[in-house]
Amino acid sequence: MGTRPATAAGEEYHDFLVIGAGICGIYQLIKLREIGADALVIEKNADVGGTWFNNRYPGCRFDSESYTYGLSFSDEVLQEWDWTEHFSPQPETLRYLNFLTDKFNLRKDMQFGCTVSSMRWEESSRTWGVALEDGRTYRSRFLVTALGLLSAKTPPRYPGMERFRGLSFHTYDWPHDPPSLAGKRVAVIGTGATGVQVISAIADQVGELYVYQRRPNWCAPLHNRKITPEEMADIRSRYDEIFEKCAKTPGGFVHGPDPRSFFEVPAEERQAFWEHLYSTPGFEKWVGNFREVLMDEHANAEFTEFIANKIRERVKDPELAEKLIPRDHGFGVQRVPLETRYFEAYNRDNVHLIEIEKTPIVEITENGILCSDGEREFDIIVYATGFDAVTGAFDRIEITGVGGQRLKDLWDDDPHTYLGVFVHGFPNLFMLAGPQGASNSTNFPRAIETGVNWTTDLYRYVLDHGYERVEATLDAQSQWADEVRAMYSMLLLRNAKSWFTGYNENVDGHNRSRNLIYNGGAPRYRKTIEKVADAGYTGVDFA
Ligand code: NAP
């Protein structure tokens, strides 16, 4: 690295500052070390893990096959680490991330308890100044964000929430010392992937469970089970094949779309195929289906009806079953929660469904929840109400670029990025899980590995050439935005009110669709970024 920029008193300087020590920040630090860069990771939590450090609610686990979630870069790690379940529970995943951290001795270049409040570009020194909430400051030539896609929780905004005298928390903040649930009256508000996992896990532990559902989701069975030592040995021997398969599928999973067209397969055969899909583990029924199910209204409606009938078979009370069937969107256009006996939970006498579209929540009281049909008292209220996805973690930091431009203002209408990595006007800022990148819509670590390998090659290129300033052109950014928009228009998910479209009524201004994610699939994204690099980083200016 060239001359070291001047720093203010007490300011700590590093060539690369990485924000976030989840799986993304961990891998980026490993790669930065490989190129001999001076790098520091700062993290708001007390330790590594990111989403797997924070989310400790009962039932929290992967929806991706465990052996496709781990990083693939090190044969040694692959040989040493054993997954014990096909879909790893949160404590095991957190252990895995700690194992990586220890193995590569990463903590010596990490600082914890660092909540970033601002990031300011300084043109004169071509550096970023980063300030923490506690007043500490850092300066770096390059700033790398690994903030997480779903790390800005959004509790609802009901009146009286602070008045409740029992325990209440967002699922992201489930106490590390978990409260006893035995015999307790518990309310869960929200039925997304998180709520569905919590409800299934605690239904038989609590006294009474009331589920406050706004809109039901299309859920499907996870079919998790233990991995035997023989299976783990087999998985280990097939890692190359597994990762190669993931690299070829749009979602980065071991499941890829069925090669046949929905329309060329006779109706009876489709039903038999779907019966098979429903019995398979993981996301096969979502991303291993006919492509048309996610793109064509008619195909989607037929599969949606198939899943509705499954719900009717599993929920004993026919009226209740109908309440658990979504009416406003088809299967798979929102993130599909995978579940373990979720629908069966509603067959229990202690589990009750409150449809808040019919009897809205009026306020949270000292003792519980007041709906339009009366008050119910609780010991614990769980807000499983989701996240200000993808841009939320950026919006919570005051980020200013060239000429004092605020990133939040620039993204107010819609996020603008180049490849999901760069933002014009914010030089030397590299986003590893930024809006309009591929990690948002795919098996996260697979896309992260691709992305981090690519940014690391870029850093090497920058260092080798002695460049001090890297910025995407406005043209390249506009073209990328057009491509991202065009892909949304091809998919039924464009109409859904979910985080895939950046929709969130708990955030001012986000009760509308935004072009938040890249929907072109991992192989297409990889090809695009490889082409950009091979051509000497088209769309990027270096100085
Ligand atoms: P979510 O999918 O956004 O679901 C939030 C839920 O809360 C929805 O049911 C929503 O209802 C409801 N809600 C929001 N605001 C509300 C309000 N003011 N009043 C009442 N209900 C409200 O959030 P999530 O369940 O936390 O999941 C987010 C994402 O995290 C998932 O899609 C997934 O990508 C990831 N995740 C992954 C795993 C895994 O890998 N296994 C597990 C959990 C989560 P509406 O639908 O009506 O808006």
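Ligands are counted one by one from 1 in listed order, and the atoms in each one are counted from 1 as well. The chain is numbered in sequence order, starting from 1. None of these values were measured; they are calculated from a predicted model.
- Using modelled atom types, one finds a donor on one side chain and an acceptor on the other under 3.5 Å when comparing R514 with T391.
- Ring-plane geometry between F306 and F303 is classed as parallel, the angle between the planes falling under 30 degrees on a 0 to 90 degree scale with a further cut at 60.
- By the salt bridge (charged side-chain N to carboxylate O under 4.0 Å, His left out) test, K103 pairs with E76, E80, sequence neighbours left out.
- Between F73 and Y27, the ring planes lie tilted relative to each other; the angle falls in the 30° to 60° range.
- Ring geometry for F253 against H255 counts as tilted: the plane angle lies between 30° and 60°, on a 0 to 90° scale.
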List, for ligand 1, each N/O atom that has a protein N/O partner under 3.5 Å away, with both atom names and the distance.
| residue | atom | partner | partner atom | Å |
| --- | --- | --- | --- | --- |
| ligand 1 | 7 (O) | A384 | O | 3.2 |
| ligand 1 | 9 (O) | T191 | N | 2.9 |
| ligand 1 | 9 (O) | G192 | N | 3.4 |
| ligand 1 | 15 (N) | N506 | ND2 | 2.9 |
| ligand 1 | 18 (N) | N506 | OD1 | 3.1 |
| ligand 1 | 19 (N) | Y158 | OH | 2.5 |
| ligand 1 | 25 (O) | A193 | N | 3.1 |
| ligand 1 | 25 (O) | T194 | N | 2.9 |
| ligand 1 | 25 (O) | T194 | OG1 | 3.3 |
| ligand 1 | 26 (O) | T194 | OG1 | 2.7 |
| ligand 1 | 32 (O) | W499 | NE1 | 2.7 |
| ligand 1 | 34 (O) | R335 | NE | 3.4 |
| ligand 1 | 40 (O) | R335 | NH2 | 3.3 |
| ligand 1 | 41 (N) | R61 | O | 2.5 |
| ligand 1 | 41 (N) | D63 | N | 3.4 |
| ligand 1 | 41 (N) | D63 | OD1 | 3.4 |
| ligand 1 | 41 (N) | D63 | OD2 | 3.4 |
| ligand 1 | 41 (N) | Q197 | NE2 | 3.3 |
| ligand 1 | 46 (O) | R215 | NH2 | 3.1 |
| ligand 1 | 47 (O) | R214 | NE | 2.9 |
| ligand 1 | 47 (O) | R215 | N | 3.4 |
| ligand 1 | 47 (O) | R215 | NE | 3.0 |
| ligand 1 | 48 (O) | R214 | NH2 | 2.8 |

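- The aromatic rings of W480 and Y518 sit parallel to each other, their planes meeting at less than 30°, with 60° as the upper class boundary.
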